[in-house]
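Below is one structure, written out as structure tokens; the observations come after it.
When reading the values below, keep in mind they use all heavy atoms of this one structure, side chains included, and skip hydrogens, waters and symmetry mates. Read the numbers this way: they start at 1 and go in the same order the structure lists the ligands and their atoms. For this chain, numbers begin at 1 and follow the sequence in order.
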Amino acid sequence: MTSSTTEVSKKLTPTNGLLQYRPRVYISRQLPQRALDLLLGRCNVSFWDSPDPAPRTELLVNVPGCDVLVCMPSDKIDREVLNAAGKTLKIVATMSGDLAHIETAECSRRNIRVIPLAAAPIVEAITQMVVALFRLAASRWIGKTSCNMNTVLQAKDIIQALKADHIFCLELSNRTVGIFGLGSVGLSVGKAFKELGMTKILYTDVEPNADDVTINAEFVSRDELLTRSDVICVCWNMKVDGKSIMSFERDSFKRMKSSAILLDATKRFSADFTDMYEALRNGEIAAAGLDVREYDIIPNRHPLDGLDNCFFLPYRECYKWDGRRKLATDLVRSILISLQELEFERKQKSSIVSKPERIDHLLLEPVATVPLSGLDILRENCNVDVWDSDDVIPPNELKKKIKDIDGIFCTINDKIDVDVLTAAGTNLKVIGTMSVGDDHINVPECKKRQIYVATTPDVASDSAAELSVALLLMTTRRLAEGYLALRDGTSGPWKPMWMLGNVSMGKTLGIFGFGRVGFGIARRMKPFGVSKIIYSDIFEASYSDGIATRVEFDELLKESDIICICCAVNAQTKGKFNKAVFEKMKSSAVIINTSRGQIINQDDLYEALKNNTIGGAGLDVTDPEPLPTNHPLMGCSRCVILPHMGTNTVEARDAMCINTAKNIVAMLVH
Ligand SMILES: O=CC(=O)O
């Protein structure tokens, strides 16, 4: 999977001196640009940047903290997703007309609104899509030459565009269309085929539909429909009370004409896809056009995808396709209306908010280099004191400055211990730290004093995972050594056996702590061809399915060629990687730490590297930071050390600063 989640935010617009709250929206697929733009006017949006659906793991990782989830029919929105989203989730909107993939009862229990697509525009869009698929498939009958296919497929009204294609319409005049299921979609499809000049319409269903007269359709048996039709359009999922009552399998394909085209307008086409593949490949039927690709049924790279007589239109192309564009825009409008209603209800309920007295904002960098968007949010709502210096604020200075303060904006360099909390006094309600970790804060003490501690876990994960992979490659491929050798002038001309590293392909990757960063590393390393990804964590991660397997810690040590440490530091993990642990690892194994320095016993690591107990180490974090230049590890060629750069990206820092500011404001103002 080459896609990733993209985050798009716009600057906040303050209204009446108060912060205008911008809801967070996660979309599990690319939306057409017009719909996205509409959302962006009011919300901060992140989305799975691909025409293919987001893997469930991605969904679970991205929903926490969302106000709105926009999902696709292939996403199962169950308790697990709702739990992952947490209390902020107010709306689940789906690009689907039916809600079978959503646990609606659970949503209503949690006061979450569920917004489906409106029925009439869906029927219209499905009809247009079926006709588009039909036109693609019909190129088997008449070739592609009679019209400009792209123009037709992108047309606002495909039926009208095709009516101008006289060769095509002439071809249809003597053909028979057979419709499976004459519900609203079946009737609409029948009408479209009639408009295109088809005179003979057959249908089959559990019973005749009195409306068949409107399209002059003849009720026939299933077998008759199969044998007599030139085009077969499946408009219902062939299920009664959840049970499949008929399906397309070998025998059905054999009964069909060899010139027949099969079209699917349902979401869960009941067919044996292996039989369908054989029928298409062997010319038992001419072509097939399939609607919504249920990826659990027809996964990406299914052999059907490689056939030139099997067509998939909408989801892969949906963001370009007018029918979906319109549906998506309508859905976004409904979301915005719902948000407005919810905001109105909230305002009616909440009492008048008062501006807090003062918030200290403690930063290490000069203000000019701090993402201003975060500062703006704070200044809009609070009185802000800024530690306007590059240096860490001295603890005594910190204690003086925070007396009687309401909130603190800090970073990992500010140790917030009992003394600091006591110095702040009883006004202190919130500590927002611009970091993922909170090990610099005495959290239990904050809890005792009812002070909220807020971190920024989501927005930095991609940056941290990316850095971990970069450090992994630096270490396994000895890039730092090569770089330095060239600078020192010691590399010399190319030599076949000089500075050989190890490739990741075929290796076992072990991850210690399978949270967002661990998962991010796994996702990024999979395409490198690692043979196995295993992880050790206290819990089985629901999102690890299909990407990594949980194993016992000792097995992780024994099996892994590379171990990435991605856990939080706490009593269980402090000093966890010590002499005894290194001795259980492969002698060629490489260890990567982008979490916290204290997790590794550095003296033991030095010995392990010196004695070749393990193969190498890449450390983005050390204890202390920075590591003194005369520390033994600094002189160790197989140890690559970086100065804690995991989240050092413009994107992460900006988002972290905004989140920290929002966290503080949320606790104080809202
Ligand atoms: O290490 C960095 C962080 O915790 O944000």
Side-chain angles (χ1 to χ4, degrees), residues 7 61 64-65 361-365 369-371 373-375 387 390 392-393 408-417 420 430-443 446 452-472 474 511-521 524 537 564-574 576-577 591-600 602 617-627 640-664:
E7 193 135 352
V61 165
H361 179 177
L362 307 168
L363 292 165
L364 319 177
E365 303 87 340
T369 67
V370 161
S373 33
L375 262 184
W387 175 251
D390 243 351
V392 182
I393 185 168
I408 300 174
F409 182 128
C410 65
T411 74
I412 51 172
N413 282 338
D414 305 310
K415 200 165 164 48
I416 310 291
D417 53 17
V420 170
V430 57
I431 298 166
T433 177
M434 191 171 69
S435 63
V436 182
D438 58 11
D439 46 297
H440 53 296
I441 301 172
N442 187 335
V443 179
C446 289
Y452 286 98
V453 176
T455 59
T456 60
D458 298 337
V459 291
S461 317
D462 278 325
S463 294
E466 187 175 271
L467 184 283
S468 307
V469 170
L471 180 56
L472 186 161
M474 272 180 88
I511 297 177
F512 183 63
F514 203 69
R516 291 178 178 84
V517 177
F519 170 66
I521 295 172
R524 285 167 175 80
D537 204 324
C564 292
I565 302 177
C566 314
C567 60
V569 62
N570 53 37
Q572 284 79 43
T573 59
K574 214 173 239 177
K576 177 97 177 168
F577 284 78
I591 189 162
I592 306 297
N593 187 9
T594 50
S595 163
R596 286 291 184 264
Q598 297 100 301
I599 293 166
I600 292 183
Q602 287 175 176
L619 312 176
D620 182 44
V621 286
T622 53
D623 184 22
E625 285 177 4
L627 201 61
V640 180
I641 306 180
L642 297 177
H644 200 147
M645 298 174 73
T647 62
N648 291 17
T649 61
V650 175
E651 293 85 354
R653 201 61 83 234
D654 199 40
M656 288 167 89
C657 190
I658 290 176
N659 272 18
T660 310
K662 277 189 183 175
N663 286 340
I664 292 171

>> Under a 3.5 Å distance rule, please check whether N413 uses its side chain to pair with a backbone N or O of V392 as donor and acceptor.
In response: no
> Does a donor on one side chain and an acceptor on the other come within less than 3.5 Å for T573 and N570?
Replying inline: yes
>> With a 4.0 Å heavy-atom cut-off, what residues sit around ligand 1?
In response: S435, V436, G437, R596, H644, M656
>> With heavy-atom distances below 4.5 Å as the criterion, would you say the side chains of L627 and Q602 are in contact?
In response: yes
>> Looking at E466, I want to see if its CD is surrounded by more than 12 non-hydrogen atoms of other residues, nucleotides or ligands under 6.0 Å.
In response: no
>> Distance check, rounded to the nearest 0.5 Å: I599 atom CD1 versus F577 atom CZ?
In response: 8.0 Å
>> Looking at D439 and K574, is there a salt bridge between them, counting it only when a charged N and a carboxylate O are closer than 4.0 Å?
In response: no
